[in-house]
> 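I have a structure I would like to understand better, so I am pasting it below and will then ask my questions one at a time.
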2 protein chains.
Amino acid sequence: MAPRTRRTEALSRDRIVEAAVELLDTSGEAGLTFRTLTERLATGAGAIYWHVANKGELLEAATDGVIAAALTVEPAGAPRDGIRAVALGLYDAIEHHPWLATQLTSQLSRSPWGSVTPRIFEAIGRRVHALGVPEGHRFTTTSALVTYILGAAGQNAANATSAVPHASRAEFLDAVSKAWEELDPDDYPFTRAVAAEVRGHDDREQFLAGVDLVLAGITAVHLPARPGRAG
Amino acid sequence: MAPRTRRTEALSRDRIVEAAVELLDTSGEAGLTFRTLTERLATGAGAIYWHVANKGELLEAATDGVIAAALTVEPAGAPRDGIRAVALGLYDAIEHHPWLATQLTSQLSRSPWGSVTPRIFEAIGRRVHALGVPEGHRFTTTSALVTYILGAAGQNAANATSAVPHASRAEFLDAVSKAWEELDPDDYPFTRAVAAEVRGHDDREQFLAGVDLVLAGITAVHLPARPGRAG
DNA sequence: ACCTGAACACCGTTCAAGT
DNA sequence: ACCTGAACACCGTTCAAGT
């Protein structure tokens with residue numbers, strides 16, 4: 001395959017990051033190497049290192065750009081709906097860019113001072129505040145929500161990447177269901193019993209159900225029912 | 001460093017997996033290579049490939065062994081306490097073996113028919129059932145719990161691995177808190193406001209608080225209050 | 001059946017040399 | 001200042017050859 005880019009414009013950090021995102025989207029984390037990247041950009045490895053310190057920084061920049069775009073959610077509406085919208089925005093972003101999952105986990109912990117962590121934290125936390133969660137509980141509550149959202153979305157991204165490539169989603173779930181039904185009845189009574197529920201389930205619905213479960217928990221623990229306030 | 005093992009016994013799959021776990025625990029995911037492994041076992045690469053198909057299978061086996069050990073939790077007690085105990089068991093296992101985090105995410109999705117997924121699912125799900133969650137909601141509820149637990153534990157494992165190596169936990173949290181306090185007041189009012197709460201927080205406590213939040217949500221949504229049942 | 005270890009096709013990164 | 005591209009020190013995996 002001939003290089004897509006003929007180097008009309010000069011190289012720049014932005015163009016490098018852009019190409020990296022394209023490679024990641026097209027061929028996954030393994031598809032981004034300095035070889036594929038130099039080929040795509042019609043340049044040499046050293047040229048890339050002139051603009052970017054190392055592969056980690058490249059991945060950070062790629063993540064930041066995509067997440068910033070994903071978090072531009074309409075600001076208005078009830079806090080609960082806002083949280084659902086932000087959650088879905090992240091879910092969809094991770095589904096379309098499965099390489100985000102790994103990246104988010106490592107950036108949230110490795111560099112919480114970077115821009116990605118505050119961005120996500122702010123988008124959720126602001127609405128947790130608006131929900132009425134009292135001071136002193138906002139950090140923990142927001143952390144729990146962010147953890148669930150990124151954990152679930154990440155799990156889902158792994159689902160998307162993996163699996164036998166040509167097997168449809170339905171076939172995959174069918175295989176899991178079958179495998180669970182054949183587990184030892186003494187050791188795995190529960191897993192066997194819910195095996196059938198695996199078959200039809202919708203990942204996105206299940207994700208939202210989880211968000212609602214956490215929201216219900218927040219309501220129950222931190223927002224004692226008052227007359228005139230809807231559940 | 002001289003090889004620790006002098007090859008007194010014959011090579012076996014078990015000994016290889018055992019050595020892999022030791023290397024992973026000692027030097028992290030990057031520390032396990034076929035070079036370090038052959039050195040440790042005083043053998044050649046081909047010998048390992050005779051017992052194990054590839055590196056992925058090696059990581060699977062390592063994960064399975066450690067998780068099975070971590071899930072041997074006392075069976076009795078109230079379901080809620082059982083869930084907390086299982087959750088903490090997984091949390092601690094991942095904290096002691098941070099490489100588990102990545103591994104669990106990929107195994108839960110890539111091979112839900114493997115032994116790891118059913119093991120975790122069964123340990124939590126059985127107690128979700130005992131809690132009284134009605135049929136038709138057990139799969140989704142258990143998924144949400146497992147997602148939160150593995151997501152939080154995984155995030156924590158990343159914390160453990162990363163950070164400037166010599167910085168103490170307190171110093172690290174202090175740096176994060178400071179960085180958050182310096183964010184733009186217009187863009188990050190919430191994050192700035194909770195920056196102080198980062199400083200003192202205990203990860204384990206916060207993890208458990210999250211589990212309790214999900215449990216409260218399950219109670220609120222699926223276990224309508226009845227006279228004679230304690231919250 | 002089980003093991004050896006050189007060889008292969010990759011990585012990320014560096015760096016003298018060019019313009 | 002910006003870029004080239006060969007070279008370095010690694011990877012995981014294979015495979016003819018040994019016992």
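Only a predicted model underlies this, so the values are computations on that prediction, with no experimental measurement involved. Proteins get letters first, then strands, A, B, ... in listed order; numbering begins at 1 in each. No hydrogens, no waters, no symmetry mates; every other heavy atom, side chains included, goes into these values.
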> How many whole angstroms separate atom CD of A:Glu39 from atom P of C:dC11?
11 Å

> What pairs of residues pass the salt bridge (charged side-chain N to carboxylate O under 4.0 Å, His left out) test when at least one of them lies in residues 139-157 of chain A, not counting sequence neighbours?
none

> Short of 4.0 Å, heavy atom to strand atom, which residues of residues 49-56 of chain B count as contacting DNA chain C?
B:Trp50, B:His51

> Say we look at C:dA16 and D:dC3: how far apart would their C1' atoms be, to the nearest angstrom?
13 Å

> Could you tell me how far apart A:Phe34 (CZ) and C:dC15 (P) are, to the nearest whole angstrom?
15 Å

> Rounded to the Å, how far apart are B:Leu37 CG and C:dC3 P?
13 Å

> Looking at residues at least two apart in the chain, or sitting in another chain, which of them share a side chain to side chain contact (heavy atoms under 4.5 Å, CB included) with B:Ala193?
none

> Could I get the full list of ring pair (Phe, Tyr, Trp, His ring centres under 6.0 Å) partners for B:His97, not counting sequence neighbours?
B:Trp99

> Any donor-acceptor pair under 3.5 Å linking the side chain of B:Lys55 with the backbone of B:Thr33?
no

> Just to verify, what does B:Arg192 make a salt bridge (charged side-chain N to carboxylate O under 4.0 Å, His left out) with, not counting sequence neighbours?
none

> Rounded to whole Å, please give me the gap between CG in A:Leu41 and C1' in D:dT4.
14 Å

> Give the dot-bracket string for DNA chain D, reading 5' to 3', where a pair is Watson-Crick or G-U wobble with both distances under 3.5 Å, ( ) marks pairs inside the strand, [ ] marks pairs crossing earlier ones, | marks a partner on another strand, and . marks unpaired.
||.|||||...|||||.||

> For residues 30-54 of chain A, which residue pairs pass the ring pair (Phe, Tyr, Trp, His ring centres under 6.0 Å) check, not counting sequence neighbours?
A:Phe34-A:Tyr49

> Taking ring pair (Phe, Tyr, Trp, His ring centres under 6.0 Å) as the definition, give me every residue that meets it alongside B:Phe207, ordered by chain and number, with sequence neighbours left out.
B:Tyr91

> Check side chain to side chain donor-acceptor pair (under 3.5 Å) between B:Glu182 and all other residues, then give those that pass, not counting sequence neighbours.
none

> Do the side chain of A:Ser177 and the main chain of A:Leu173 share a donor and acceptor less than 3.5 angstrom apart?
no

> Using whole Å, report how far CD of A:Glu57 lies from C1' of C:dG12.
14 Å

> Would you mind classifying the nucleic acid contact of A:Leu58 as base, sugar-phosphate or nothing, using non-hydrogen atoms under 4.0 angstrom?
nothing

> Can you check the distance between C:dC10 and D:dA9, where both ends of the measurement are the C1' atom (answer in whole Å)?
13 Å

> Under the rule for ring pair (Phe, Tyr, Trp, His ring centres under 6.0 Å), what residues qualify as partners of A:Phe190, not counting sequence neighbours?
none

> Who pairs with B:Thr147 by side chain to side chain donor-acceptor pair (under 3.5 Å), at least two apart in sequence or on another chain?
none

> Atom pairs under 3.5 Å, N or O on each side, protein against nucleotides 5-7 of chain C: can you list them with distances?
residue	atom	partner	partner atom	Å
C:dG5	O6	B:Gly46	N	2.9

